[in-house]
Amino acid sequence: EAEVAQSPRYKITEKSQAVAFWCDPISGHATLYWYRQILGQGPELLVQFQDESVVDDSQLPKDRFSAERLKGVDSTLKIQPAELGDSAMYLCASSKTGTSGGRRYQETQYFGPGTRLLVL
Amino acid sequence: GIQVEQSPPDLILQEGANSTLRCNFSDSVNNLQWFHQNPWGQLINLFYIPSGTKQNGRLSATTVATERYSLLYISSSQTTDSGVYFCAVIKWGGGNKLTFGTGTQLKVEL
């Protein structure tokens, strides 16, 4: 069964350093999502791509976070500079896009194993 | 935005017991998913169930969209069922993003 791949699985960095996370979605999934999950809470969406275009980045702290999906396949999420409060699990997910009554909708989202970030 | 609440927040079961987890949401939704997050953090899809009932082995789920709730049933629980169970909803027009609930922390003991 195809899976969403993420790397690295764990990252420890010092504050003010730059970090980058990579995600490879399930083949054929046009929609890719980055979520952040703080310990004890549910994941929250940071950014959503449809192919190579950003469709929702309203919760992305754009002063320090950036995301790209240049060829509409894999994606990179970057933090520069990292802050203590960025310590969290970063999850990538992907889904197919379906159509119903002329309207596009997202099918089941599948999640990768995540990257645990610790900022010291 | 839409609010998603789950109950109970914590649950401890003896192996072999049955349980019901509940998810309430504050507005009509177009999609609902149940996930199990294992102790290593992996989110595993359980059900995609905007309405109706589905079953998969020892697990089953029912969503009553008109009353804005969903239930996840776990029968004959096993220690491997331990972890956090999340429901998450999508409302079209709200950016098509999953809004996650507060989660239910389940521990199954021998």
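A, B, ... follow the sequence lines: proteins, then strands. Residue 1 opens every chain.
- If you look at B:F35 and B:F47, their ring centroids are not closer than 6.0 Å.
- Within the 4.5 angstrom heavy-atom criterion, no atom of B:Q105 approaches chain A.
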Listed pairs under 3.5 Å, donor-acceptor, residues 72-80 of chain A side chains, sequence neighbours left out:
from, atom 1, to, atom 2, distance (Å)
A:D74, OD2, A:W22, NE1, 2.8
A:S75, OG, A:W34, NE1, 2.9
A:S75, OG, A:E68, O, 2.9

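- Comparing B:V4, B:T99, B:N45 by how many heavy-atom pairs each has under 4.5 Å with chain A, the most go to B:N45.
- Contact count versus chain B (heavy atoms, under 4.5 Å) is highest, among A:P43, A:G114, A:G42, for A:P43.
- Checked by atom type and distance alone, the side chain of B:Q33 pairs as donor or acceptor with a backbone atom of A:Q109 at under 3.5 Å.
- Note: the hydrophobic cluster containing B:Y69 does not contain B:L21 (ILVMFWY, side chain heavy atoms under 4.5 Å, direct or indirect links).
- With a 4.5 angstrom heavy-atom cutoff, A:E44 does not touch chain B via any of its atoms.
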